[in-house]
**Q** 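Encoded as structure tokens, here's the structure I'll be asking about.
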Amino acid sequence: MTAWVLHVDMDQFLAAVEIQRRPELAGKPVVVGGRGDPTERAVVSTASYEAREFGIRSGMPLKIAVKRCPDAIFLPVDFPVYEAVSARVMQTLRDFPGAVVEVLGWDEAFVGLQADDPVATARAVQAAVLDATGLDCSVGIGDTKVRAKVATDLGKPRGVFQLTRDNWLDVMGERPVKALWGIGTQTAKRLETHDIRTVNDLAAAPDDLLAAEFGPNTGPHIGRLGRGAGSAVVDDTPWVARAHGRETTYQQDLVTQDEIRTALGELATQVESDIRAEGRQCQRVHLKIRFAPFFTFTRVRKLPEPTFAAEAIADTAFALYRGLSDDRPVRLLGVRAEMVPPPGGYDAPRTHGRRGAP
DNA sequence: TCTGGGGTCCTAGGACCC
DNA sequence: TCTGGGGTCCTAGGACCC
């Protein structure tokens with residue numbers, strides 16, 4: 001028996017859930033996002049495969065999506081329903097014999113297990129999820145987490161794909177670095193200034209060059225991504241939040257100081273109830289703000305002492321806003337409360353956006 | 001065509017102390 | 001008159017992920 005990492009990812013998750021409860025939508029272009037009104041400022045959360053054929057993608061503004069496919073069916077995001085389905089998916093994975101499950105999001109997880117025939121095991125996982133939820137998923141198999149994660153994309157939809165040390169460069173070598181998990185547009189651009197464009201290029205890049213460009217930690221980390229190397233440890237320690245925040249894009253820009261103060265008060269009130277629910281006080285306040293054309297700031301301030309109080313959070317956020325001395329119209333406001341760590345700290349850091357850490 | 005809302009982590013540099 | 005290293009705390013800002 002060999003230890004494997006499986007990466008399980010639901011196919012078109014939000015759209016699939018909506019189609020399941022409205023079967024007449026099957027085979028049609030379905031777009032889930034915002035309040036389901038494509039004239040509003042909001043973006044696509046998930047597009048069905050039929051909608052993707054029109055060029056609609058996650059993260060795209062609904063206004064653009066509706067231009068690309070005026071006949072698409074637009075539906076609002078229904079968080080409680082997806083959470084319930086997600087919980088069933090994750091429980092199915094945990095019930096799989098010998099499986100250790102590390103949840104990455106609503107619709108994906110790493111599964112660590114031992115197997116002689118990992119492809120057969122992956123097929124069994126797919127069958128179990130389909131049986132429990134009626135939904136399809138794809139499974140990536142790897143000898144590291146990075147390889148398993150990347151493999152899933154190659155198997156979609158409803159597929160299984162395996163990436164190991166032996167076939168990594170054969171399969172991935174000619175692809176652009178952006179195909180890797182953890183390399184986005186900006187990192188790809190900076191790599192290109194060193195003539196690093198493909199996974200082959202990155203895998204061969206010396207660590208000292210990458211360290212000079214990206215820092216002593218991040219540089220070598222990016223190099224390891226190119227080689228598909230990294231951890232194979234699937235960690236099921238429950239996730240503990242570091243922060244909670246709320247942000248809103250306003251359908252009409254906010255103009256006056258009063259409007260902004262009021263909006264910050266509303267956001268801070270929601271944040272207070274989120275952190276109270278965990279019994280954890282706020283120690284630092286983050287203000288996020290986007291001015292009308294396109295210019296986003298973040299500002300941070302430590303509170304004199306930890307608190308739950310929405311007033312203190314809102315006052316601090318407003319003070320940060322005033323410090324910007326900018327009276328342009330405001331399109332987006334966000335308030336985030338960074339919480340006091342639990343006693344003993346975060347014993348098993350659970351990271352989704354992590355980079356570079358050992 | 002005009003950009004959501006929820007998160008996490010890394011890097012750099014200034015201030016301050018010894 | 002000019003300036004060492006090492007450490008901590010803090011903020012700004014960048015980047016990535018789902």
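Per chain, numbering begins at 1; letters A, B, ... match sequence-line order.
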**Q** Can you figure out which of B:dT11, B:dG5, C:dT11 approaches the side chain of A:Thr218 most closely?
**A**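 Among the listed nucleotides, the one closest to the side chain of A:Thr218 is B:dT11.
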**Q** Tell me, with the steps shown, if A:Met10 and A:Trp106 meet side chain to side chain contact (heavy atoms under 4.5 Å, CB included).
**A** CA-CA 9 Å; A:Met10 303 303 293; A:Trp106 269 351; over 6 Å; no
**Q** Which part of the nucleic acid does A:Arg299 contact within heavy-atom distance under 4.0 Å: base, sugar-phosphate only, or nothing?
**A**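 A:Arg299: backbone/sugar contact only, no base atoms under 4.0 Å.
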**Q** Please classify the nucleic acid contact of A:Gly34 as base, sugar-phosphate, or nothing, using heavy-atom distances under 4.0 Å.
**A** nothing
**Q** Can you find a side chain N or O atom of A:Arg41 that sits less than 4.0 Å from OP1 or OP2 on B:dC2?
**A** no
**Q** Please pick, from B:dT8, B:dG7, B:dG4, the nucleotide with the shortest atom-to-atom distance to any side-chain atom of A:His244.
**A**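 Of B:dT8, B:dG7, B:dG4, B:dG7 is nearest to the side chain of A:His244.
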**Q** Can you figure out which of B:dG4, B:dT3, B:dG5 approaches the side chain of A:Pro61 most closely?
**A**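 Looking only at side-chain atoms, A:Pro61 lies closest to B:dT3.
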**Q** Describe the nucleic acid contact of A:Thr185 in one word from base, sugar-phosphate, nothing, applying a heavy-atom distance below 4.0 Å.
**A**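 Sugar-phosphate contact only.
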**Q** Using Watson-Crick or G-U wobble geometry with both distances below 3.5 Å, tell me the partner of C:dC18, or none.
**A**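 The answer is B:dG5, by the H-bond criterion.
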**Q** If you only use heavy atoms from C-beta on, which nucleotide in C:dA15, C:dT11, B:dT3 is closest to the side chain of A:Arg190?
**A** C:dA15
**Q** State whether a side-chain donor-acceptor pair under 3.5 Å links A:Asp95 with A:Gln91.
**A** yes
**Q** Rounded to the nearest Å, what distance is computed from the CZ atom of residue A:Arg57 to the C1' atom of nucleotide B:dC2?
**A** 18 Å
**Q** Just to be sure I understand the rule, does A:Arg301 reach a base, reach only the sugar-phosphate, or reach nothing, if contact means heavy atoms closer than 4.0 Å?
**A** sugar-phosphate
**Q** Heavy atoms only, 4.0 Å cut-off, all strands: where does A:Lys288 land among base, sugar-phosphate and nothing?
**A**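 If one applies the 4.0 Å heavy-atom cut-off, A:Lys288 turns out to touch nothing in the nucleic acid.
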**Q** Is there a side-chain polar atom (N or O) of A:Arg290 under 4.0 Å from OP1 or OP2 of B:dT3?
**A** no
**Q** Base, sugar-phosphate, or nothing: which does A:Leu14 touch, judged by heavy atoms less than 4.0 Å apart?
**A**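 No contact at all - A:Leu14 keeps every heavy atom at 4.0 Å or more from the nucleic acid.
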**Q** Between C:dC16, B:dG4, C:dG13, which nucleotide gets closest to the side-chain atoms of A:Gln186?
**A** C:dC16
**Q** Side chain of A:Thr249, heavy atoms from C-beta onward: which of B:dG4, C:dT11, B:dT8 has the nearest atom to it?
**A** B:dG4
**Q** Supply the atom-to-atom distance A:Asp153 CG to A:Asp9 CG, rounded to the nearest 0.5 angstrom.
**A**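 Taking CG in A:Asp153 and CG in A:Asp9, the distance rounds to 7.5 Å.
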**Q** Which is more 5' along DNA chain B, the nucleotide nearest A:Lys67 or the one nearest A:Pro216? Just name the residue.
**A** A:Lys67
**Q** Atom CG of A:Leu225 and atom C1' of C:dC17: how far apart are they, to the nearest Å?
**A**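 The answer, rounded to whole Å, is 13 Å.
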**Q** Checking side chain to side chain contact (heavy atoms under 4.5 Å, CB included) against A:Phe13, which of A:Val85, A:Val32, A:Thr46 comes through?
**A** A:Val85
**Q** How long is the line joining NE2 of A:His286 and P of C:dG14, in whole Å?
**A** 16 Å
**Q** Of all the nucleotides listed (C:dC10, B:dC9, C:dC16), which has the minimum atom distance to the side chain of A:Lys302?
**A**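 The closest nucleotide is C:dC10.
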**Q** Checking A:Gln126 against A:Asp136: is there a side-chain donor and acceptor pair closer than 3.5 Å?
**A** no
**Q** Can you tell me the distance, in whole Å, between the CD atom of A:Glu278 and the C1' atom of B:dG7?
**A**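 Rounding to the nearest Å, CD of A:Glu278 and C1' of B:dG7 are 13 Å apart.
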**Q** How many Å lie between CD1 on A:Ile183 and C1' on C:dC16, as a whole number?
**A** 11 Å
**Q** Please figure out whether A:Gly219 or A:Leu332 has its closest DNA chain B nucleotide nearer the 5' end.
**A**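 The residue mapped nearer the 5' terminus is A:Leu332.
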**Q** Taking atom types as modelled and ignoring hydrogens, do the side chains of A:Asp201 and A:Thr198 form a donor-acceptor contact shorter than 3.5 angstrom?
**A** yes
**Q** If the cut-off is 4.0 Å, is A:Lys145 near the phosphate of C:dC17, judged by side-chain N/O to OP1 or OP2?
**A** no
**Q** Determine: side-chain N/O of A:Arg284 to OP1/OP2 of C:dT11, distance under 4.0 Å, yes or no.
**A** yes
**Q** What integer distance in Å separates A:Arg336:CZ from B:dG7:P?
**A** 5 Å
**Q** Just compare B:dT1, C:dC17, C:dC16 and give me whichever is closest to any side-chain atom of A:Ile64.
**A**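 Of the candidates, B:dT1 comes closest.
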**Q** Need the pair for B:dC10. Rule: Watson-Crick or G-U wobble, both distances under 3.5 Å, any strand; none if unpaired.
**A** C:dG13
**Q** Just how far, in rounded Å, is P of B:dG5 from CZ of A:Phe79?
**A**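 It works out to 9 Å between those atoms.
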**Q** What is the distance from OH of A:Tyr82 to C1' of B:dG6, rounded to the nearest Å?
**A** 15 Å
**Q** Distance between the P atoms of B:dG14 and C:dG4, in whole angstroms?
**A** 15 Å
**Q** Within 45° of the axis and under 6.0 Å from the centre of the six-membered ring of A:Phe54, does NZ or CZ of A:Arg68 qualify?
**A**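 Negative - A:Arg68 is either too far from the ring of A:Phe54 or too far off its axis.
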**Q** Look at the side chain of A:Ser45 and decide which nucleotide, out of C:dC18, B:dG4, C:dT11, has an atom nearest to it.
**A** B:dG4
**Q** Would you indicate which nucleotide in C:dC17, C:dT11, B:dT3 comes nearest to any side-chain atom of A:Trp181?
**A**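 In terms of side-chain proximity for A:Trp181, the closest of C:dC17, C:dT11, B:dT3 is C:dC17.
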